Amino acid sequence: MDQIVFHYDTVLSDIHMHRASGRHLMTRLNGVGQPVFMSTFKILAEGHDNNDPGRGVEKKEECEDPKEAEGKDTKPTQGQDRKEGGEINVAPFLDEDGDLDITHRPRKKSLDGCHRDLVCPVILKQSEPVLEQDENLDDDVGHCFKDVIKIEHTMATTLEDVGKQVWRGAFLLADFILSETVAFRGSTVLDLGAGTGLTSIIMATMAKTVYCTDVGEDLLNMCKRNVTLNKHMMEPAGGDVRVRQLDWLQHGLCTDADVEFSWTDEEVADLYNNTNFIIAADVCYDDDLTDGLFRTLYKLCSNFPHTCTIFFAIEKRMNFTLRHMDVSCEAYDHFSHCLSQLQDQMDGQCSFKVEQLPANFTQFLLYERIEHLELWKVTATPLFGEKARSDSEQISS
Ligand SMILES: C[S@@+](CC[C@H](N)C(=O)[O-])C[C@H]1O[C@@H](n2cnc3c(N)ncnc32)[C@H](O)[C@@H]1O
């Protein structure tokens, strides 16, 4: 492959864009010929207290480049002369037409505090993924560190392949999971639109079973490989991640044994009988898909015999639109609309309580927790179950 082609609708996640230098190794090409990269993310043992405004994670991790420090303020740049006594005389250069001709300063440090390197991919191998832990990949990050999660992903995808990147919402949700270990311990969890599987893997460090779901064989294969690569993290708690297909635009779950990533009857029963939590990170970016997602949630929760709690992580992405002649976030507005509809619906089957949670919990992963990252909690309570329970309570009292 000589060149990576970027289409006009290509998107690149901030998580991959702002990673410090280093680990941009293309490990292989996936089944459809896309370059696959490996990123390693460290889980900070202490975490970072977001209530302490003086301790920005970016600041804490800032790494001073000695070469840059050495050269700092010593040489005048274009348009700068040193006057006697060392004071800089800023004389902008003009080009032949009299326009300002400014040479840009050398690039400043990236958000992580280190230089952002050019991505110079090196193909290590070109093959179908082997679904077992790969010694060479372990060498890449030392060994199987319990606090290092290794994720294979692609970079700069079109919208239909966004699940092959890790998004900031996944990091916010992962932080929340890591700060609520007691609540999630031993639970059964459904991860919707799980993408590379990062949130499912983190969840399985405490949950009993995580159904890690998405669509597309390609993506699900990548996700399954990530689960295998990180089994060292889940082993201590015995958490089990099952990568399965769950399409918000389809009715029901595929139980055809000949189809990869289909569900067994036991799994379907377990999902309906035991799911305590549903998690979804960065899944609302297209209104039709958001509608499908909320329909799926509604159908699932109204068939659960028990209360289930849903957590959404969402990034409010502001865009300027000609239609509004202003910045707006239509995908977020549609998400809010769907939340209110869920809360307001009264069909006697299930009630939904919606609340936004403050995103001030401890930060365990390194990323910029911008104010537009939000966490929402929806509590779904089946009314029939509640009624049955209150009836039986009446009987027993
Ligand atoms: C922006 S990505 C988020 C991935 C991951 N949760 C994260 O935050 O890194 C949105 C995810 O929704 C999934 N998705 C899109 N349409 C879907 C559908 N019809 N059914 C299930 N998942 C879908 C995509 O495949 C993708 O993985």
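The basis for the numbers below is simple: all heavy atoms, side chains too, and nothing from hydrogens, waters or symmetry mates. As the structure is a computational prediction, the values presented were derived from the model and not from experiment. Both counts, for ligands and for their atoms, begin at 1 and track the order of listing.
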Trainee: Measure the distances from the heavy atoms of K164 to every atom of ligand 1 and state whether one is below 4.0 angstrom.
Mentor: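 No.
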
Trainee: Counting only N and O atoms by type, is there a donor-acceptor contact under 3.5 Å from the side chain of Q363 to the main-chain atoms of L365?
Mentor: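 Yes; at least one donor-acceptor contact below 3.5 Å.
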
Trainee: Name the closest protein heavy atom to atom 9 (O) of ligand 1, giving the residue it belongs to and the distance to 0.1 Å.
Mentor: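 Here the closest protein heavy atom is W167 N, 3.0 Å.
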
Trainee: Check each atom of ligand 1 against the heavy atoms of D282 and keep those under 4.0 Å away; list them by number with element.
Mentor: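 Those of ligand 1 that fall under 4.0 Å from D282 are 1 (C), 2 (S), 3 (C), 8 (O), 10 (C).
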
Trainee: State the atoms of ligand 1, each with its element, that fall below the 4.0 Å cut-off from a heavy-atom position in L246.
Mentor: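 With L246 as reference, the close atoms of ligand 1 come out as 20 (N), 21 (C).
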
Trainee: Compute the ring centroids of F171 and F41, then answer whether they are less than 6.0 Å apart.
Mentor: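 Here the rings of F41 and F171 have centres that are less than 6.0 Å from each other.
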
Trainee: With rounding to the nearest 0.5 angstrom, report the CG to CD1 distance, D191 to I177.
Mentor: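 Result: 7.5 Å between the selected atoms.
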
Trainee: Can you check which of G193, S13, A170 brings a heavy atom nearest to atom 5 (C) of ligand 1?
Mentor: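 Minimum heavy-atom distance to atom 5 (C) of ligand 1 goes to G193.
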
Trainee: Any salt bridge linking D214 with R244? Criterion: basic side-chain nitrogen under 4.0 Å from a carboxylate oxygen.
Mentor: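 Looking at D214 and R244, the cut-off is not met.
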
Trainee: Using only atom types and a distance under 3.5 Å, with no angle test, would you say the side chain of Q165 pairs donor to acceptor with the backbone of S13?
Mentor: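 Present.
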
Trainee: Run through F176, F184, F304 and flag the one making a ring pair (Phe, Tyr, Trp, His ring centres under 6.0 Å) with F277.
Mentor: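 Option passing the ring pair (Phe, Tyr, Trp, His ring centres under 6.0 Å) with F277: F184.
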
Trainee: If you take the nearest heavy atom of each of L192, D214, V215, T213, which one is closest to atom 25 (O) of ligand 1?
Mentor: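 When every heavy atom of L192, D214, V215, T213 is considered, D214 comes closest to atom 25 (O) of ligand 1.
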
Trainee: What atoms of ligand 1 come within less than 4.0 Å of a heavy atom belonging to Q165?
Mentor: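 Those qualifying, in numeric order: 9 (O).
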
Trainee: Identify the closest protein heavy atom to atom 14 (N) of ligand 1: which residue and atom is it, and at what distance?
Mentor: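 Going by distance alone, atom 14 (N) of ligand 1 is nearest to W248 CH2, 3.6 Å.
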
Trainee: Please answer whether the main-chain N or O of D286 pairs with a side-chain N or O of H334 as donor and acceptor at a distance below 3.5 Å.
Mentor: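 Side chain of H334 to backbone of D286, a donor-acceptor pair under 3.5 Å: no, none is there.
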
Trainee: What protein heavy atom sits nearest atom 26 (C) of ligand 1, and how far off is it?
Mentor: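 The protein heavy atom lying closest is G163 CA, 3.4 Å.
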
Trainee: Name the closest protein heavy atom to atom 15 (C) of ligand 1, giving the residue it belongs to and the distance to 0.1 Å.
Mentor: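 Of every protein heavy atom, Y285 OH, 3.2 Å lies nearest to atom 15 (C) of ligand 1.
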
Trainee: Would W248 and F294 count as a ring-ring contact (aromatic ring centres under 6.0 Å, His included) here? Give the steps.
Mentor: CA-CA 8 Å; W248 315 324; F294 274 82; 9.6 Å; no

Trainee: For L219, take its heavy atoms, then give the atoms of ligand 1 lying under 4.0 Å from any of them.
Mentor: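 That gives atoms 25 (O), 27 (O) of ligand 1.
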
Trainee: For L249, take its heavy atoms, then give the atoms of ligand 1 lying under 4.0 Å from any of them.
Mentor: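 Close to L249: 19 (N).
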
Trainee: L289 heavy atoms, cut-off 4.0 Å: which ligand 1 atoms fall inside?
Mentor: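 Close to L289: 15 (C), 16 (N), 19 (N).
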
Trainee: Give the residue and atom name of whichever protein heavy atom lies nearest to atom 19 (N) of ligand 1, and the separation in Å to one decimal.
Mentor: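 Nearest protein contact, heavy atoms only, for atom 19 (N) of ligand 1 is D247 OD1, 2.8 Å.
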
Trainee: Within the 4.0 Å heavy-atom shell around A194, which atoms of ligand 1 are there?
Mentor: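 By the 4.0 Å cutoff, the relevant atoms are 5 (C), 6 (N).
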
Trainee: Under 4.0 Å from a heavy atom of G195: give me the atoms of ligand 1 that qualify, with their elements.
Mentor: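 Per the distance check, 4 (C), 27 (O).
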
Trainee: Does a salt bridge link E152 with K150, judged by any charged N lying under 4.0 Å from a carboxylate O?
Mentor: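 Judged by the 4.0 Å cut-off on N to carboxylate O distance, E152 and K150 do not form a salt bridge.
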
Trainee: Quick check on side-chain contact (heavy atoms from CB on, under 4.5 Å): which of T40, I202, T205 does I149 satisfy it with?
Mentor: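 Exactly one option meets the side-chain contact (heavy atoms from CB on, under 4.5 Å) with I149, and it is I202.
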
